[in-house]
Amino acid sequence: MRGYSKLSSNNIYHEMIIDYSRNPLNFGEIEGCDVTHHDSNPLCGDSLDMDLKFEDGRVSDVKFRGKGCAICIACSSVLTEIVKGKSVEDVRSIQKGDILSELGLEHLQAVRIKCALLSLKILKFALYKHLAKTHTDGSAESLKEEASGLY
Amino acid sequence: MRGYSKLSSNNIYHEMIIDYSRNPLNFGEIEGCDVTHHDSNPLCGDSLDMDLKFEDGRVSDVKFRGKGCAICIACSSVLTEIVKGKSVEDVRSIQKGDILSELGLEHLQAVRIKCALLSLKILKFALYKHLAKTHTDGSAESLKEEASGLY
Amino acid sequence: MPDVRGDFPILGRSVHDKRLVYLDNASTSQKPRQVLDKMSDYYHNTNSNIHRAVYVIAEESTAKYEEVRDKVARFVGASDRREIVFVRGTTEAINLVAYSWGRSNVNEGDIIVTTEYEHHSNIVPWQILAKERGAKLEYINIDDNGELELDDLERHLATGRVKLVAFSLMSNVLGTISDASRIIAMCRQAGVCTLVDGAQAVPHMQVNVSEMRCDFFTFSGHKMLAPTGVGVLQASRKMLESMAPFHGGGDMIREVHRQETTWNDVPYKFEAGTPSIADVIGLGAAIDYLENIGMSRVRDHEVELTEYALKKLGEIKNLRIYGTRDISKRGGVISFNFEDIHPHDVAQIIDEDGIAMRSGHHCAQVLMEKLGVAATSRVSFYIYNTREDIDILVESLHRVARIFKVE
Amino acid sequence: MPDVRGDFPILGRSVHDKRLVYLDNASTSQKPRQVLDKMSDYYHNTNSNIHRAVYVIAEESTAKYEEVRDKVARFVGASDRREIVFVRGTTEAINLVAYSWGRSNVNEGDIIVTTEYEHHSNIVPWQILAKERGAKLEYINIDDNGELELDDLERHLATGRVKLVAFSLMSNVLGTISDASRIIAMCRQAGVCTLVDGAQAVPHMQVNVSEMRCDFFTFSGHKMLAPTGVGVLQASRKMLESMAPFHGGGDMIREVHRQETTWNDVPYKFEAGTPSIADVIGLGAAIDYLENIGMSRVRDHEVELTEYALKKLGEIKNLRIYGTRDISKRGGVISFNFEDIHPHDVAQIIDEDGIAMRSGHHCAQVLMEKLGVAATSRVSFYIYNTREDIDILVESLHRVARIFKVE
Ligand SMILES: Cc1ncc(COP(=O)(O)O)c(C=O)c1O
Ligand SMILES: Cc1ncc(COP(=O)(O)O)c(C=O)c1O
């Protein structure tokens, strides 16, 4: 992640958001990824795809692409940065607060929360798809619930 | 018709209405009538049948039966009395005011007007049915319109 | 019961120079200041469309609207806010089920069961559906006390062809409270879905859909102190998710393409177009108001009034009261008839004394046919009615008897 | 245009310490005191159910409700009050036609035609219908000016399989005013029915359905100063009489028997259940208010504002405006996009300056796909907007450009 200090401004459109949105990290496609997932926000038209690649129980690579507002794209950038290299268990435990606080978006209003968390929702669902393949005991199910209950 | 004088009372439940409703005139059925018609008021449950018999272009007999409130039954009584013996042309020209004024019901509120005029609506429609059989030139059509436009 | 009359501006009104005695609560209730103020506040301060925009007042609107969903869920004991679909009223709720669930679950030769004491809105949609699908509509008959003959239900269920049993929790004519837990247990045993019409029950007694375990539950706001224009369909998420959408349009979609569309999550899948936002907010205020009193107090008050009214009306000569006298099995709705006097005439004469009472078939013509009458007179009580209201009614009914010379 | 701002209490409100600049009128309009007072008066004085009871307040309610039917008929130039069906809004009106008319008139291989700039509520019901009946849904495409390509229509009509052409009189995204008289003439020539979605037109310009000669006409109250919860379907009596009912329930019936039911006269056949009575009464007051100003003055005012806004917005760098610049062919709706800035971000930043503006797909994803964007920013004007509102908007958009460094 780039080395911004968190801004104290009430204004959510601080430098970091603008910058990430104009130059997103991990934007693109992974050839031969292990799992890919698409979702969209019906009411605002944000629409993303995320690709994940795993190696030795870790996320070896992650990329996203699609259309979204600055908040959506900045949050996707931050999320993918957080995820990269992490173990599946660690990725599973990522909470929405982790993303929001990283960008100073704790007070985002309800309707924009969807923009901020779309990528997290997609990630959780992608992880579910991945784990469901190998974990036939239903232990992945809670991820699906978690994804759909995010907002 | 019985010899009541019209009452000036605001109260619509004067003697004449009560009396006609409890002892209606021309209540019953005509065996071998020329035309019969049924209608009802969907919102109050009043429901009447009327039978007509014609001779030499005149209404030689008319009877009604069914369920209705005092106003409905009193108006039906008065209407059948008016109609009996009249020429088809004269019956055709009966107006709603003729019935209402006969019973001092000029100021009846909208929802009760339907009770007062159900029998007139049935009469007009029955007459239409009768005339349409012989008058194939469409001259009876206006009666149908008139019936459906009464209230 | 606290004295709430001061909260209802319309009760201060006079009619024919008499004070208004409003006894038509089964048709629609009056609205307290608190509900009107909340709606007024909405239009004065935050009016805007919901679910769609990022500006402040739209966010406030959306929050207020969605907050009511939580409130409704809690009020009727639903286990999840997503079980609550806002509609115009009970009628729309039942039609939604008939179109969406009915058209994919009811097939030729199947049976839908309703009851003899249903409101037209719980009969006609099933007639239309049955005709369209080649199914049959059967009735649970009522006994002389106005209670459902559950043997009929048993007999229908035994055919193995029943797909749905639809019944009201409280009859809008007889006031009978259905034995819902028994009916639903019988249906569940037979693997048959149930729809409970709560239009008359929800305003007057505590209801808990999770305990009742019906598949569909419906009610109207306007009978429970809320404005016209809003009602509720409740069903489990699983059920709602399995159903095809009903109305198509804005808000109920996820993505629209030229030929293909995907649906939004429940309950939004069933809320196409701009809803009655202000009316929904009014419903929230009505629930607050009722919870503040407490539904058991509401019920107690009505039991007391109903007992008193049954006694006083029972003393009038030539007046027949329909339905059970067992107060534990009935709500605050009393239908009656004077022998030989049409209920329309009764209603009109007592209107002169300021009394608002319904006469007619009460949208229950199947029941009227059963009772062998075209219409009945009906009084129905709510939190603001008093014993004095009943005294005025009884006095006025004596006047009717005198005019028609039946006393 | 008289200064009407004082009639709209919400316009006195501040947002983030700025005065509220409300520019989302295409979504829903604000309500004047006169409308709110009328509804409040209704609840305070005559609230009761309609069409059913003989007591005074029920009679007053019914009269007030039915009076609005006359008003609406006159306002849109219908030839008979019985052509006016009250529904919740445009969405319900279109669904009513799709279910009731559509299911008995559209068959396998038939074609329904809509347009690329329709609102989802004029697309999704037809998709559902087409899928159910094995029919096809075709589109009239738009040209670079955002106007309908009538050659497409010609081509579709030439197949001889078209059953209905459904189009909006004014686009809610581009503001384009459709050439309704030409489209309808083409359709009548081919013996094809037309449905006109007047949701965006009726609030903003004089409409006359009798002159337009469409078969179905729909609009919503909440976009024309009236409350949420009420809208209108207009169609000829003959058409309505030929149609099967939609919702079953109270009021829409003549006689209900156990297995057979007969329908009430039109329009009541289509108004099942307790309607949004107070909202209908509010619609009446809204029409009074608009007629008092005069629809041509409403249109003139918006033409002037739109011209001014097009000019001022056109001066902003990197800002693209969609749709025609020919003011005679457009209403007071302007969609635009900053290059490289998502409209959600634009809306949120200008919200800080008190401006309520929509961003999103505006329930027109087919159009978004055509424009090649996920969303647009949209401002839309009404009688209470001023040049100053536009100046504040433009100033704020410059701030957005600075934050995103595109200026
Ligand atoms: C038992 C019952 N069901 C359904 C309805 C219909 O409710 P609504 O007219 O609000 O749709 C009513 C009231 O009229 C009722 O009493
Ligand atoms: C052109 C058009 N059609 C239909 C609608 C849907 O109207 P409603 O949401 O009131 O049903 C709208 C507004 O949202 C619209 O702009």
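Just so it is clear, the structure is predicted and the values come from calculations on it, not from any experiment.
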So which heavy atom on [X] is nearest to which on [Y], and how close?
{"X": "C:Gln259", "Y": "D:Leu137", "value": "NE2-O, 2.8 Å"}
{"X": "D:Pro125", "Y": "C:Gly248", "value": "CG-O, 3.4 Å"}
{"X": "C:Gly250", "Y": "D:Cys363", "value": "CA-SG, 3.9 Å"}
{"X": "D:Phe246", "Y": "C:Phe246", "value": "CZ-CZ, 3.7 Å"}

Quick one: [atom1] on [X] to [atom2] on [Y], what's the gap to the nearest 0.5 Å?
{"X": "C:His44", "Y": "D:Ile10", "atom1": "NE2", "atom2": "CD1", "answer": "9.5 Å"}
{"X": "D:Ser48", "Y": "C:Arg358", "atom1": "OG", "atom2": "CZ", "answer": "10.0 Å"}
{"X": "C:Ile253", "Y": "D:Ser121", "atom1": "CD1", "atom2": "OG", "answer": "11.0 Å"}

Heavy-atom distances under 4.5 Å only: say whether C:Glu132 touches chain D with side chain, backbone, both or neither.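 Neither the backbone nor the side chain of C:Glu132 comes within 4.5 Å of chain D.
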Under 4.5 Å heavy-atom distance to chain D, tell me which part of C:Pro275 shows up: side chain, backbone, both or neither.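 Contact with chain D is through the backbone of C:Pro275 alone.
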Would you say the rings of D:Tyr43 and C:Phe8 are close, in the sense that their centroids are separated by under 6.0 Å?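 No, they do not, as the ring centres are separated by 6.0 Å or more.
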Heavy-atom contact with chain C under 4.5 Å, split by part of [X]:
{"X": "D:Lys131", "value": "side chain"}
{"X": "D:Val346", "value": "neither"}
{"X": "D:Val15", "value": "side chain"}
{"X": "D:Thr90", "value": "neither"}

Please rank D:Val230, D:Asn45, D:Thr228, D:Ile350 by heavy-atom pairs under 4.5 Å with chain C and give me the top one.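 The candidate making the most pairs under 4.5 Å is D:Thr228.
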Highest number of heavy-atom pairs under 4.5 Å with chain C: which of D:Asn49, D:Asn47, D:Val56?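 Among D:Asn49, D:Asn47, D:Val56, the one with the most close pairs to chain C is D:Asn47.
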Step by step, would you call C:Arg88 with D:His247 a side chain to side chain contact (heavy atoms under 4.5 Å, CB included)? CA-CA 12 Å; C:Arg88 180 169 40 243; D:His247 292 185; 4.0 Å; yes
For D:Arg13 and C:Thr46, run side chain to side chain contact (heavy atoms under 4.5 Å, CB included): C-alpha distance rounded to whole Å, both residues' side-chain angles, the deciding distance at 0.1 Å, then the answer. CA-CA 9 Å; D:Arg13 158 174 182 165; C:Thr46 62; 3.5 Å; yes
Is any side-chain heavy atom of [Y] closer than 4.5 Å to one of [X]?
{"X": "C:Val124", "Y": "D:Met252", "value": "yes"}
{"X": "C:Glu138", "Y": "D:Arg258", "value": "no"}
{"X": "C:Ile57", "Y": "D:Gln30", "value": "yes"}
{"X": "C:Tyr55", "Y": "D:Ile355", "value": "no"}
{"X": "D:His257", "Y": "C:Gln365", "value": "no"}
{"X": "C:Ile277", "Y": "D:His222", "value": "no"}
{"X": "D:Thr91", "Y": "C:Thr274", "value": "no"}

Under the criterion side chain to side chain contact (heavy atoms under 4.5 Å, CB included), I'd like the reasoning laid out for D:Gln127 against C:Glu260: C-alpha separation, chi angles, the key distance, then a yes or no. CA-CA 7 Å; D:Gln127 285 182 339; C:Glu260 284 294 328; 5.8 Å; no
